Structure formats: C-alpha cells, structure tokens
Amino acid sequence: MSDKIRVLLPEEQVNDKIQEIGEQISRDYQGKSVHLICVLKGSVFFACELAKRITVPVTLDFMSVSSYGDGTSSSGVVKIIKDLDEPLEGKDVLIVEDIIDSGRTLSYLIEILKQRHPSTLRLCTLLDKPERRVKDVKVDYVCFNIPDEFVVGYGLDYAQKYRNLPYVGVIEPEA
C-alpha cells in the first residue's frame, strides 16, 4: 500500500455516530421491524455495524447495482447485478448506503423499490456529499456530511483496495 491516506473520520468517531444513528432508528421503528437493504459492495461494513446497534427486529437483504457513465461519473442509469431475495411488499424498508454524492443512482434505485410496494421506504447513509447532489434524494439518516474528497475505508474502496480500513480516510496525492 503505497498510497498516503489521511484520516478524515477516526474509527472511534465512526463507531460513536453509528451507535447514535442505530438508537435513532430503533426509536423511529419502535414496535415494528425494519428490513435493511444493503447496497453492495461498499455499504456491507456499515450495514453490519448498524444492524448490531438497532434494537428492534431486523431483517437484511442485499442488492448490487451498477451505473453507467463516462467512467468517472454516474449516469444514473442503473443495472441490477444482484436483486433482492425477498419481496418488499408491506415491509418497513431502510436502504443502507456507504456514500451518497450525485444522487443519480440512488434516485433511480428508490423509484425501482417503490414499485415493489414497501409500507415505508427510508434511506440511511454513512457519508453524504450534499454539495455534489444533482438529483434530489431525501436522506433520512446521515452519519457524516463530508467535503468533496475521494474517501476510502469502512467499505469504500479505491480499485478494490482499502475497504477494510477501520476509519474513513482521504487518499493524498504524492507531492
């Protein structure tokens, strides 16, 4: 690993915020169960940690999507690589994302999932870059708003590397 990585959000800060969001979700879903949809691959670390901190009954499913663009930006046109295993009809659904920036892909995904008639559909993200938003996406639970920097760690990768870092960091260009 020759890349220099600056710590943006230390592990303890990330864990504390996930605990806080888990408690809020538990209050909001009191008396219900929540069906988490983990959007692969990046959000798997966050989804697992979040699920451990939610005190109401939790079910979990996984979805993998790919968006096509010019290679550096999303077009918002989504191809489902791995669809959900269970129907959503009548469930209280919470989409769990690692990061939201333009909102294009997520906006499209939300429309697809709404057609499956969940009772409720909310969105939770570890990281949000609201200044990059080009599609209006309502985010119900945000752990951290971050600056427009390329981040890795806690599930986020650079060429499939660094997902397993226990913190969120920024790759610094070599001077």
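Small disclaimer: the values here were computed from a predicted structure and weren't measured.
- Ion pairing between a basic and an acidic side chain is recognised when a charged N comes within 4.0 Å of a carboxylate O; D136 and K138 show no such pairing.
- R163 contributes a side-chain N or O that, together with a main-chain N or O of G155, makes up a donor-acceptor pair within less than 3.5 Å.
- Judged purely by atom type and a 3.5 angstrom limit, K129 has no side-chain atom pairing as donor or acceptor with the backbone of I100.
- Here the side chain of E97 pairs no donor or acceptor atom with the backbone of V39 at under 3.5 angstrom.
- Look at D98 and K41 and you find no salt bridge, because none of the NZ, NE, NH1 or NH2 atoms lies under 4.0 Å from a carboxylate O.
- Between the side chains of Q30 and R27, no donor-acceptor pair is found at a separation under 3.5 Å.
- In this structure a side-chain-to-backbone donor-acceptor pair under 3.5 Å is present from D61 to E86.
- No continuous path of hydrophobic side-chain contacts links I112 to V96 [ILVMFWY only; heavy atoms under 4.5 Å].
- A salt bridge is absent between D101 and K135: the closest approach of a Lys/Arg side-chain nitrogen to an acidic carboxylate oxygen does not fall below 4.0 angstrom.
- The closest donor-acceptor contact from the side chain of S33 to the backbone of V58 lies at 3.5 Å or more, if one exists at all.
- R133 has a carboxylate O that lies under 4.0 Å from a charged side-chain N of D128, or vice versa, which qualifies the two as a salt bridge.
- No side-chain donor from either of E111 and Q115 sits under 3.5 Å from a side-chain acceptor of the other.
- Minimum interatomic distance between D157 and V152 (heavy atoms only, all atoms of both residues): C-CG1, 3.9 Å.
- With respect to R6 and E149, a salt bridge is recorded, a charged nitrogen being found less than 4.0 Å from a carboxylate O.
- Checked by atom type, the side-chain pair D28/Y141 shows a donor-acceptor distance below 3.5 Å.
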